[in-house]
Q: 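Sharing a structure, written as structure tokens. Questions coming.
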Amino acid sequence: MIFLVAGCYQQVENDHGEPANLAPSIELTGRVVDQADLLSAETEKELTRVLENLEKTSGPQFVIASTKSLNGRKIEDYSIDLARIWAIGDKHRDDGVLMLVALNEQKVRIEVGRGLEASLSDSFCSKVIREDMLPPFSAGKMEAGIANGAARLIEKMQMVPTIPANDNVTGTAIQDRKAS
């Protein structure tokens, strides 16, 4: 399998020439949302534990998601919409991170809030995808690629921790954060 970092924006239209309503339909159920069923239950549980710990100790909220299909959308648009709908990260610090893997399109994207762009730059995220994720993906080892990419991003975020926001440390469920 070959996964790519997607290119440019393209407006998708319906049969009447109007913009199509293709908002991501993945429901936020936790820190790992594996709609494409790429992870074992054990790996999903371990990633969830690690991501919870990251949020409690370092501040940023990191969500890993997979989808079977982008439904004709560009991965950039899909991931940005998903991150906004889910309200990932502290709204004042804009420190959310979303790793999205699109199985049918064979694409992966790491979406980073502006508050983390200094430590998780576009070039760094691209390097994580190229070096840590794509080689296992190409060998058919999706789970390893996701785990490798997550580990490298977490390591970098722990080097420059932020102060956890009040909504991060109160024990509020991740699903409740999108409502605020």
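FYI, the numbering just counts along the sequence from 1.
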Q: Any side-chain to backbone donor/acceptor pair from Asp95 onto Asp90? Under 3.5 Å, distance only.
A: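 Looks like yes, one N/O pair under 3.5 Å.
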Q: Is a donor on one side and an acceptor on the other found under 3.5 Å between the side chain of Ser40 and the backbone of Thr43?
A: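 Yes; at least one donor-acceptor contact below 3.5 Å.
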Q: Should Phe124 and Ile146 be counted in the same cluster of Ile, Leu, Val, Met, Phe, Trp and Tyr side chains packed under 4.5 Å apart?
A: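 Result: yes, single cluster for both.
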Q: Treating Thr48 as the side-chain partner and Glu44 as the backbone partner, does any N or O pair qualify as donor plus acceptor under 3.5 Å?
A: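 Side chain of Thr48 to backbone of Glu44: a pair is present.
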Q: Which pair of heavy atoms, one from Val101 and one from Val108, lies closest together, and at what distance?
A: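 Closest heavy-atom pair between Val101 and Val108: CG2-CG2, 3.8 Å.
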Q: Under the criterion side-chain contact (heavy atoms from CB on, under 4.5 Å), I'd like the reasoning laid out for Tyr78 against Ile26: C-alpha separation, chi angles, the key distance, then a yes or no.
A: CA-CA 11 Å; Tyr78 195 97; Ile26 304 173; 3.6 Å; yes
Q: Could you walk me through whether Met157 and Leu54 pass the side-chain contact (heavy atoms from CB on, under 4.5 Å) test, one step at a time?
A: CA-CA 8 Å; Met157 284 187 275; Leu54 171 73; 3.7 Å; yes
Q: Minimum heavy-atom separation for Glu111 and Ser79, please, with both atom names.
A: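 Scanning both residues completely, I find the closest heavy atoms to be OE1-OG, 2.6 Å.
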Q: Quick check: closest heavy atoms across Ala36 and Ser66, and the distance to 0.1 Å?
A: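 Smallest interatomic distance, heavy atoms only, reads N-OG, 3.0 Å.
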Q: State, without any angle test, whether Gln158 and Ser58 hold a side-chain donor-acceptor pair at a distance under 3.5 Å.
A: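 Checked: Gln158/Ser58 side chains show no N/O donor-acceptor pair below 3.5 Å.
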Q: Spell out, yes or no, whether Leu82 and Ile80 are grouped together once hydrophobic residues are joined by side-chain heavy atoms under 4.5 Å, including indirect joins.
A: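 Unlinked, Leu82 and Ile80 end up in two clusters.
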Q: Would you call Arg49 and Glu46 a salt bridge, taking side-chain N to carboxylate O under 4.0 Å as the test?
A: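 Looking at Glu46 together with Arg49, the answer is yes, because their closest N to O distance falls below 4.0 Å.
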Q: Start with the C-alpha gap between Met133 and Arg152, add the side-chain angles, then the distance that decides, and say whether side-chain contact (heavy atoms from CB on, under 4.5 Å) holds.
A: CA-CA 10 Å; Met133 299 180 75; Arg152 185 133 177 231; over 6 Å; no
Q: State whether the side chain of Asp94 and the backbone N or O of Arg114 hold a donor-acceptor pair below 3.5 Å, judged by distance alone.
A: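 Such a contact is found between Asp94 side chain and Arg114 backbone.
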Q: So, the side chain of Ser69 versus the backbone of Asn104: is there a donor-acceptor pair under 3.5 Å, distance only?
A: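 Pair absent, no side-chain N/O of Ser69 close to backbone of Asn104.
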Q: Compare every heavy atom of Met99 with every heavy atom of Leu153, then report the nearest pair and how far apart it is.
A: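 In this case the closest contact between Leu153 and Met99 is CD1-CE, 3.8 Å.
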Q: Using every non-hydrogen atom in the two residues, find where Leu70 and Ala102 come nearest and quote the distance to one decimal.
A: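 Taking Leu70 first and Ala102 second, the nearest heavy atoms are CG-CB, 3.6 Å.
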Q: Evaluate the side-chain contact (heavy atoms from CB on, under 4.5 Å) criterion for residues Val97 and Leu116: first the C-alpha distance (whole Å), next the side-chain angles of each, then the deciding distance (0.1 Å), finally the verdict.
A: CA-CA 8 Å; Val97 177; Leu116 285 176; 3.5 Å; yes
